[in-house]
Amino acid sequence: MTAAKPFTQGILICPTTHIDWDWIYTFDQYYASNNQAQGSSNGRDTVQNIFNAAGALFAKKIGFTFSVTEVGYLQRYARDNPAGIAAFAAAGDAFCLMGGGITSPDNLVCDGELFIRNYLVGRAWAKAVGLSGNLYDSAWLPDDFGHDPQLPVVLSAMGLITAGLSRVPGSPQGSPCAAPIDPPGPSIAAQLNASGLVFQWQAGDGSNITALYMPDTYGTVGYLSLSGAASNAQTVNSFVQTYKTGWPNNLRFIPVGVDFATPSITTLSGQPLNWVDVTNSYNSTYGNDNGVPGTTGTWKTYMEAVLQAGGTLPVNAPLNAQNYWTGYFASRPALKTNQYAAARALMSAEFISALLRTSGAYASSALDALDASIWNGWEVLAPSSHHDFVTGTSPDSTYYGEQLPLSQQGRAVATATLSQAMELLAQGIAATQDEGFPVVVCNTLGFERAQGRLAEVAFPAGDDRASLVRSARTSRGTVPIQRSAEGNILVMTAPPSAGYETVYLSTLPIPGPIVPPPQPIGDTVTLSNELISATLSQANGWGISQFSYKVDGQTHSLFPNGAIGNQLRFYDDTGNIYQFGNEPISCSGTHPNHGVFSQSTSANFVGGEARWLEQGPLRSRLQAVVTEQHSGHTFTLEYSLVAGERFLRMRLTGASPSNMSVVVAFPMVNASGATPQTLSYGTPHLQQDVLPVPNWPGTTFVATHDYVIPCLQQASQPMGGIYHHGIPAWTLDSEGVLLGVVLRNTPAGGRGASGSDSGTHLQEYVLAPPAYVGGSPQMVTPLKDALSVTTRLEARLITGREAQGAALAETASLGRVTATNAGTPVEQQDVMIRVARVQAPGAQGGYPTGCGTTSGAIPSSLVLRTEKRNSDATQLTVQLPFLGKAGTAETQAVTALEAPLTALTAVPPRTQTVTVDSPHALASLRIAWCKTWGG
């Protein structure tokens with residue numbers, strides 16, 4: 001291999017190719033056969049041929065380099081050509097894996113945990129096949145349609161040091177006319193061009209990463225020219241002359257190779273041509289004269305040169321580029337909700353696996369099989385993180401032919417894996433059968449729940465024992481039960497943080513009346529408990545005509561008089577699957593052309609039949625039908641209220657008419673009647689309190705995760721909240737009404753792909769009044785509240801196993817976390833153990849030094865991730881009861897991708913707690929211990 005030329009001046013010409021997991025075509029079509037791939041005819045080829053061409057260029061030892069992102073295609077290529085993977089590994093620094101994810105993930109609507117797992121799964125495979133030396137700790141995200149302002153939180157926690165961006169508002173790729181209109185000003189692209197194309201991107205928790213904004217797309221020289229290298233060299237020179245400023249130490253970067261670009265072709269004159277020829281042609285014609293010589297190199301080559309050159313980079317804190325396009329926040333909702341449900345199920349299964357691994361109840365081989373199933377679940381789910389997958393921005397053929405079925409399969413695999421984990425947990429508990437029917441109830445969240453304590457127990461079909469149950473004995477004593485509409489048993493429980501308790505369903509009745517009198521359904525119906533009351537109105541399409549809540553003995557209304565909450569609306573939407581209609585669809589010169597996104601005044605929603613599904617001491621559920629008269633579209637609304645909860649749960653089932661968005665509206669006010677002025681909302685990894693500057697007239701939706709909270713002032717004085725199961729698109733309209741898009745069907749063309757979605761979807765969301773502290777509304781713990789109602793308790797019948805020496809206790813906890821600031825406890829914060837991943841023997845980082853020297857010792861390892869949002873805590877104390885029983889245990893700080901940051905440090909004997917320094921929102925800790933069977 002020709003020695004790489006050092007890059008110290010001029011422009012780095014970076015050969016790459018952008019290979020979407022799927023987009024216009026499916027993964028397999030892009031890999032092997034599609035009618036856009038014409039190889040030498042137009043510089044665009046199949047992925048298989050692209051990799052073949054790259055391997056051949058490496059073999060020539062001409063100084064060729066190649067930078068790619070998508071490990072998923074390398075996995076597929078390895079099946080056909082293992083020697084090709086070996087050739088890439090042998091290329092060393094000339095072959096750069098930018099991040100090493102299965103695919104290039106979306107970072108706005110993708111589930112936050114899956115964003116991490118996309119990289120974790122991809123890098124694990126790359127290391128297994130010898131590509132460790134090719135991995136570069138970077139996030140290459142040039143085709144994401146906007147960016148999470150808090151993205152550096154997770155990138156830094158993952159141990160990534162750089163990021164490559166291209167699509168920001170005002171950039172050439174589809175939104176050159178996007179610029180602030182209120183107040184007017186330069187676009188984000190213009191600001192970056194002026195202030196610095198390479199910058200320190202800083203998040204709200206202080207995390208930062210070095211980012212490059214590519215000012216002329218992620219493939220300025222898109223394809224090798226059939227007319228020869230001179231034409232491509234001219235394009236490079238044009239870039240050099242156009243973009244002269246904003247480069248650190250005048251080190252410039254130009255990516256060459258756009259979507260499915262092959263690195264070598266045959267020109268019209270019959271001569272072979274590759275990207276090294278382009279560099280040589282540029283240097284001979286322009287570079288040696290204009291003082292900007294060209295060097296062929298990788299993305300890593302460029303960023304390392306910038307970081308090593310020193311100098312002060314500008315800081316962007318935050319980079320509010322989340323409104324590049326926003327319509328995709330609501331397109332193809334099934335992809336969002338399936339991914340959310342699957343990720344939560346796999347995380348829950350991992351918690352249970354860790355509980356079992358730390359208990360001593362099962363042999364490692366049985367638990368290794370469970371962990372293999374969990375890992376397989378992440379592998380199945382990882383492709384959905386792609387920026388053309390979870391976003392829903394593909395044509396119908398790809399959506400129905402690959403994305404929807406793969407999404408459904410990911411959810412099914414995750415659900416089955418969680419069921420498998422619960423079955424092992426239930427089988428391992430030594431519960432007696434003479435006190436009733438024992439049930440294990442598991443809290444898979446890493447904190448003690450204040451809400452969401454209602455467990456639902458399913459008996460096998462035909463098991464008549466369910467009809468005998470009259471009450472339940474829990475850790476709080478004997479409590480009432482209720483039968484669900486589906487015939488399951490409902491019971492209120494309180495399992496510990498990341499733990500479980502055993503509940504006994506009893507045939508003995510509980511003293512006193514426990515069933516409230518049935519409430520008839522008239523023009524209105526009310527669901528109420530001791531905390532809130534909601535009245536539903538048939539005349540208003542079964543919307544919420546009144547919602548009241550109690551604070552310190554006083555009753556407040558969440559909505560103004562006469563306003564309707566959860567009101568269904570149709571919005572005329574002339575956008576496409578990428579953009580809402582009011583976004584800049586095209587440009588006339590420098591002026592944007594807008595379509596329509598406005599409420600349909602002709603829509604008339606009429607309330608139809610309503611019926612009680614449940615009325616009981618623990619939960620009330622009402623189901624109602626609503627029909628829009630002109631379109632004939634029918635929607636089913638369901639409301640449920642649980643005893644002791646200050647949340648009204650809602651479900652909507654229906655389909656969207658063509659060229660419409662279906663919106664739910666919530667007109668919240670505070671106790672003084674003031675309307676909200678701004679939003680605080682969850683991003684994948686932190687809370688965001690600054691809304692993007694409007695780039696178009698009308699509403700601008702933001703991509704929310706888990707919760708969205710209307711506020712009177714920025715980050716303060718909340719007026720209520722919505723917690724949701726993967727419904728990203730929320731905004732405030734001009735009157736301060738909270739709007740959420742739950743269904744969308746916009747078959748208009750544009751942006752390369754168009755698609756319709758007339759399918760029926762189920763959406764779940766929760767309405768909550770504001771939390772009060774000291775007599776005033778406060779943010780308190782929105783993430784904990786949201787997860788408590790979107791991540792249900794898991795319950796499973798214990799099937800009569802007799803007690804054995806290695807059996808699980810009836811109640812146990814993996815652990816809990818508390819926060820301190822300079823030794824002072826920090827209360828009422830969103831602090832939690834976020835994830836626990838069990839690692840098989842041989843995990844990176846090593847074992848405790850004592851493992852293997854004691855007879856019967858089994859080395860074990862798991863990684864915990866702690867999370868804190870908007871907390872002033874500087875240290876977290878993680879209590880792990882199993883550590884007190886471990887013979888030898890050590891811990892080390894690791895990245896979220898599980899790479900060691902520190903050496904293993906011994907945990908003192910019989911110590912149950914470890915301290916985590918937590919200057920930022922996310923921290924990860926590996927715990928390795930020796931487990932001795934029976935001890």
Side-chain angles (χ1 to χ4, degrees), residues 107-113 115-116 146-157 201-208 317-323 329 340 445-447 668 676-692 701-724 726-732 738 740 765-766 768 770-771 773 777-790 817 819 821 826-832 834 865-874 876 918-923:
N107 72 89
L108 270 173
V109 300
C110 178
D111 178 83
E113 187 60 34
F115 184 90
I116 297 173
H147 300 283
D148 170 17
Q150 304 298 340
L151 185 61
V153 170
V154 67
L155 298 184
S156 178
W201 184 4
Q202 185 170 303
D205 71 336
S207 301
N208 67 83
L319 180 71
N320 280 316
Q322 65 267 52
N323 59 331
F329 298 170
Y340 184 90
L445 296 174
F447 56 89
M668 301 183 196
Q677 302 300 304
T678 187
L679 296 176
S680 289
Y681 60 93
T683 74
H685 308 285
L686 201 70
Q687 185 164 300
Q688 172 70 7
D689 299 311
V690 179
L691 296 180
F701 287 86
V702 290
T704 70
H705 286 249
D706 299 303
Y707 63 89
V708 55
I709 300 175
C711 297
L712 185 62
Q713 295 181 349
Q714 182 178 315
S716 67
Q717 301 185 55
M719 298 187 180
I722 294 288
Y723 311 136
H724 62 78
I727 310 173
W730 296 86
T731 191
L732 291 174
L738 180 66
Y765 45 103
V766 179
V773 177
Q778 303 290 336
M779 286 292 183
V780 197
T781 57
L783 180 60
K784 283 184 177 179
D785 291 343
L787 293 178
S788 293
V789 295
T790 60
V817 61
N821 184 8
V826 177
E827 303 294 338
Q828 294 180 326
Q829 298 283 355
D830 271 344
V831 178
M832 65 193 71
R834 182 64 167 171
R865 193 172 312 129
T866 60
E867 177 168 343
K868 62 186 182 73
R869 296 198 180 195
N870 293 351
S871 170
D872 55 4
T874 56
L876 302 179
S918 184
H920 304 307
L922 295 178

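Residue indices begin at 1 and follow the sequence shown.
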Under 3.5 Å, sequence neighbours excluded: what are the donor-acceptor pairs made by side chains of residues 683-690?
residue	atom	partner	partner atom	Å
T683	OG1	H685	N	3.3
T683	OG1	L686	N	3.1
T683	OG1	L686	O	2.7
Q687	OE1	Y707	OH	2.8
Q687	NE2	D689	OD1	3.1
Q688	OE1	Q150	NE2	2.8
Q688	NE2	N320	OD1	3.3
Q688	NE2	V690	O	2.7
D689	OD1	S680	OG	2.5

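Of the candidates Y765, Y723, Y340, T790 forms a side-chain hydrogen bond (donor to acceptor under 3.5 Å, both in side chains) with just one, namely Y340. When each of M779, Q677, M719 is tested with C711 by the rule side chain to side chain contact (heavy atoms under 4.5 Å, CB included), just one qualifies, namely M779.
Taking both residues in full, the closest heavy atoms of P710 and L679 are given as CA-CD2, 3.7 Å, listed atom of the first, atom of the second, then distance. A921 approaches V153 most closely through the heavy-atom pair CB-CG1, 3.9 Å. Closest of all the heavy-atom pairs between P718 and I709 is CB-CG2, 3.5 Å. Contact detail for I116 and R865: the closest heavy-atom pair is CD1-NH1, 3.7 Å.
Using a 3.5 Å distance cut-off with no hydrogens or angles, the side chains of N107 and H147 do pair a donor with an acceptor.
Between the CD1 atom in I722 and the CG atom in D706 there is a gap of 13.5 Å [rounded to 0.5 Å]. Rounding to the nearest 0.5 Å gives a distance of 5.0 Å between CZ of F329 and CG of L108. Between H705 atom NE2 and H724 atom NE2 the span is 7.5 Å, to the nearest 0.5 Å. Summarising the geometry, atom CG belonging to L787 is positioned 5.5 Å from atom CG belonging to L445; distances are rounded to the nearest 0.5 Å.
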Take V831 and T866, measure what side chain to side chain contact (heavy atoms under 4.5 Å, CB included) needs, and give me the verdict at the end. CA-CA 7 Å; V831 178; T866 60; over 6 Å; no
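Taking the charged nitrogens against the carboxylate oxygens, E867 and R869 do have a contact shorter than 4.0 Å, which makes a salt bridge.
The closest donor-acceptor contact from the side chain of K784 to the backbone of M832 lies at 3.5 Å or more, if one exists at all. Judged purely by atom type and a 3.5 angstrom limit, N323 has no side-chain atom pairing as donor or acceptor with the backbone of P692. K868 places no side-chain N or O within donor-acceptor distance of the main-chain N or O of L922, the cut-off being under 3.5 Å.
Taking 4.5 Å as the limit, some side-chain heavy atom of L691 sits within range of a side-chain heavy atom of Y681. When side chains are defined from C-beta on, P782 counts as touching D830, because their heavy atoms get closer than 4.5 Å. In this structure the side chain of S918 reaches within 4.5 angstrom of the side chain of L876, judged on heavy atoms. Looking only at side-chain heavy atoms (C-beta outward), L732 and P676 come within less than 4.5 Å of each other. Inter-residue side-chain proximity for V702 and T731 is flagged as unmet; no heavy-atom pair is nearer than 4.5 Å. Taking the side chain as every heavy atom from C-beta outward, M668 and L738 approach each other to under 4.5 Å.
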